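Written below as structure tokens is the structure these notes are about.
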Amino acid sequence: MIEKVHHIGIAVQDLDAALRVLKEVFGVEAANVEEIPSLKVKVGFVPIGDTQLELVQPTALDSTTAKFIATRGEGLHHIALGTCDVTAALKKAEEGGAKLIDKEPRPGAHGTRIGFLHPKSTFGTLIELVEEGKH
Ligand code: CO
């Protein structure tokens, strides 16, 4: 049901500055940049091989990403696992003993449906489950 590492999320204070760094240091560029109102963030997706980096910049002080940066600084924020059925993957995770942040999927970037597991369930690592939109 879990198919791949869909992306790796990095919390940043300034998305444009972070994208410039990735371009200058590694020569990689964002395929798309968009706001995700449900998470109060602006994100840039940088494809690398079969996976992507997602740079996540908070757009409001009460965004959970803003709180993350305030307490822990910029850095590795979450790992997103790709699935063909996020609803079923969330259910299976809960049945397996994980604590869910999202009982139901919410809209993610680029037409995806996503749900987060509580990091306490998964060795301090925030895990996102993501289902691609139908193209
Ligand atoms: Co993500």
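Order of appearance sets the numbers: ligands from 1, and atoms from 1 within every ligand. Everything quoted here is computed from the prediction, not taken from an experiment.
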Relative to the Co ion (ligand 1), which of the N, O or S atoms in [X] is the closest?
X: Glu54; result: OE1
X: His7; result: NE2
X: Glu128; result: OE1

The Co ion (ligand 1) to nearest N/O/S of His78 less than 2.8 Å: yes
Salt bridge present between Glu35 and Lys42 (N-O < 4.0 angstrom): no
Pair His110 and Phe45, ring centroids less than 6.0 Å apart: no
Where Leu117 and Ala93 come nearest, the two heavy atoms and their spacing: CD2-CB, 3.9 Å
Non-hydrogen side-chain atoms of Ile114 and Leu39 separated by less than 4.5 Å: yes
